[in-house]
Amino acid sequence: MTRRTLLIGAGAGVLGVLLASCTPEPVPTPTPDRSPTPQPTGDAITPAAFARSSWTTDPFALGAASFTPAGTQASAREALAEPIEERLFFAGEATDTDAPGTLAGALRSGERAAADVLRVARDGERVAVVGAGLAGAAAAARLTAAGAVVTVFEARDRIGGRVHSVADEADWPFPAQMGGWLLGAPDDDLLETLDALDVRAVALSGAEWRSAEGDVSAASVDPVLSAIDAAQQLPADESIEEALTLAGLDPADPALAALLASLAASSGADASAASAWFPPAFPPEERTAPLGDLRPILDGLLDGVKVSLSSPVGRVAYDDEGVSLGIATGESLSFDRVVVTVPLGVLKSDGLQFAPALPFGHRGAIADLGMGAIETVWLRFDEPLRSTPAGQPEEGTGADAETDPSAAPAVWHVVGGDALIRTWFDLAPSTGENIVVGIVGGEAAAAFAELDDRQAREAAIAALAPFIDASPD
Ligand SMILES: Cc1cc2nc3c(=O)[nH]c(=O)nc-3n(C[C@H](O)[C@H](O)[C@H](O)COP(=O)(O)OP(=O)(O)OC[C@H]3O[C@@H](n4cnc5c(N)ncnc54)[C@H](O)[C@@H]3O)c2cc1C
């Protein structure tokens with residue numbers, strides 16, 4: 001990456017600044033296959049490397065992504081984003097109305113909150129930002145560029161929050177992502193930024209559905225969307241699960257349950273909890289997976305900003321004159337304004353106290369919005385899990401798999417049985433590395449988070465059973 005040369009221009013997004021600072025690089029080519037002649041593992045299913053997340057029990061996250069529960073208005077997010085006394089401002093994915101629970105939503109929320117601050121702040125004011133995730137970093141970048149004196153307080157000993165790349169070359173050929181990493185749209189701003197930062201990315205598309213008995217027909221998303229459409233005409237909001245039942249579908253049908261598990265894995269919300277009026281976005285057919293360390297995105301945004309790590313804020317006292325932050329180390333520090341970006345899960349807990357208590361509108365929003373659970377597990381094997389990149393692909397799902405390994409379905413849906421993790425990404429076709437990534441959402445994720453590492457590894461391997469050495473006869 002060549003060095004930044006531009007200052008923030010009016011209206012330029014913070015990622016635009018990062019982008020402007022980088023010379024675009026050609027899209028890198030995939031890593032050479034370290035296992036050029038794949039052979040099946042047979043019964044060798046002990047992973048060579050294993051990494052897993054536990055966001056649900058992490059005190060500085062207490063969940064993975066906000067969602068709108070049945071019966072809650074999406075406008076609760078706007079209520080949460082409302083500035084208080086022109087001193088207290090809120091950002092974070094939960095405050096974004098367009099794409100809550102995403103990387104893009106987090107970034108946008110930080111920019112929005114910074115713009116709110118700048119509308120009322122005088123030159124050179126001291127502004128605190130609580131949280132050094134994407135929202136906090138985006139807010140800090142914009143405020144610093146506008147001349148505010150910004151200090152970021154981060155509870156953890158690292159920046160990034162729910163973005164966490166584990167870069168351990170002994171275990172992983174590219175960093176294992178414990179939090180947010182998949183991008184939805186090919187033209188995503190973030191993707192351009194990653195390109196500019198030299199982080200290569202691969203496309204993940206095509207799906208394969210298998211049960212213990214073998215290939216299973218894919219569950220189509222269309223009837224689910226129709227059921228949601230129909231429920232949106234009802235006088236009261238229902239859960240997605242109820243909407244499906246009303247439309248004559250059986251949410252317990254194994255293939256449909258696997259589809260709903262993939263929705264929970266991307267949104268954190270079970271169909272029984274998520275609103276049909278304000279449903280989470282269904283995962284797109286193609287996702288982009290960055291294969292590098294995502295931390296440089298945060299580093300770029302926080303360049304030149306004072307960041308105080310290992311500094312959990314326990315109390316925010318505010319009035320119309322200013323703000324005082326109580327840090328867990330015992331210090332109390334005064335600022336003109338504060339941008340609070342802690343996750344909704346933390347706001348729901350008593351981990352962060354406000355004095356005076358937040359207005360009813362904010363407390364109502366915090367209580368009403370849901371904090372969903374998503375956990376992930378990365379497994380690397382010395383040998384390929386499959387003797388071919390895929391079994392006989394379903395029509396329209398990775399059709400050229402047998403002739404072109406990179407066209408093999410990247411998404412595996414585990415249908416039926418009692419697997420805890422039903423949604424998997426096979427990174428072998430796109431990277432040549434024997435790595436699979438399991439993602440689990442909703443109540444199953446909360447259960448996964450409670451497992452110790454040995455149990456989590458066993459649950460992951462057991463869930464993969466339909467896909468292990470599932471070569472065509
Ligand atoms: C497993 C998982 C998978 C995901 N997958 C995707 C995906 O594929 N694509 C996608 O777009 N999104 C995904 N997401 C969501 C995405 O990661 C988040 O929406 C985004 O990172 C949230 O950013 P944020 O800045 O709002 O919050 P955070 O990143 O959580 O930042 C908040 C910061 O506040 C800090 N903090 C908490 N309490 C305190 C305190 N008391 N004092 C000081 N600091 C505090 C936290 O440590 C944290 O650093 C995923 C999330 C998870 C967990």
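Excluded from the calculations below are hydrogen atoms, water molecules and symmetry mates; all remaining heavy atoms, backbone and side chain alike, are included. Whatever order the structure lists them in is the order used to number ligands and atoms, beginning at 1.
Checked against the 6.0 Å centroid threshold, Phe90 and His362 count as a close aromatic pair. With ring centers used as reference points, Phe50 lies 6.0 Å or more from Phe381. Trp378 has its ring centre less than 6.0 Å from the ring centre of Trp181.
Looking only at protein heavy atoms, the nearest one to atom 47 (O) of ligand 1 is Glu154 OE2, 2.6 Å. Looking from atom 28 (P) of ligand 1 to the surrounding protein, the closest heavy atom is Arg162 NE, 3.6 Å.
Under the 30°/60° scheme for interplanar angles, the aromatic rings of His413 and Trp209 are found to lie parallel.
Using a 4.0 Å cut-off between charged nitrogen and carboxylate oxygen, Asp453 and Arg52 count as a salt-bridge pair. Between Asp116 and Arg112, at least one side-chain nitrogen of the basic residue sits less than 4.0 Å from a carboxylate oxygen of the acidic one, meeting the salt-bridge criterion. Classification of Asp96 and Arg108 as a salt-bridged pair holds, one side-chain N sitting under 4.0 Å from a carboxylate O.
Ligand 1 places these atoms under 4.0 Å from at least one heavy atom of Gly131: 33 (C), 34 (O), 35 (C), 44 (N). The distance from ligand 1 to the heavy atoms of Leu182 drops below 4.0 Å at these ligand atoms: 7 (C), 8 (O), 9 (N), 10 (C), 11 (O). Contact atoms of ligand 1 toward Pro312: 42 (N) (distance under 4.0 Å to a heavy atom of the residue). Near Phe153, meaning under 4.0 Å from one of its heavy atoms, ligand 1 places the atoms 43 (C), 44 (N).
Within the set Gly180, Ala135, Ala132, the minimum heavy-atom distance to atom 51 (C) of ligand 1 is found for Gly180. If you check each of Ala64, Ala65, Ala281, Ala128 against atom 52 (C) of ligand 1, the one with the closest non-hydrogen atom is Ala64. Evaluated by nearest non-hydrogen atom to atom 40 (C) of ligand 1, the leading choice among Val313, Leu134, Val316 is Val313. Between the choices Thr288, Leu352, Thr341, Leu62, the shortest heavy-atom distance to atom 32 (C) of ligand 1 belongs to Thr341.
Using a non-hydrogen distance threshold of 4.0 Å, Gly179 registers as a contact of ligand 1. In this structure, Gly101 is part of the shell of residues with a heavy atom less than 4.0 angstrom from ligand 1. Heavy-atom distances between Gly160 and ligand 1 reach below 4.0 Å in at least one pair. Taking 4.0 Å as the cut-off, Arg287 does not count as a neighbour of ligand 1 on heavy-atom distance.
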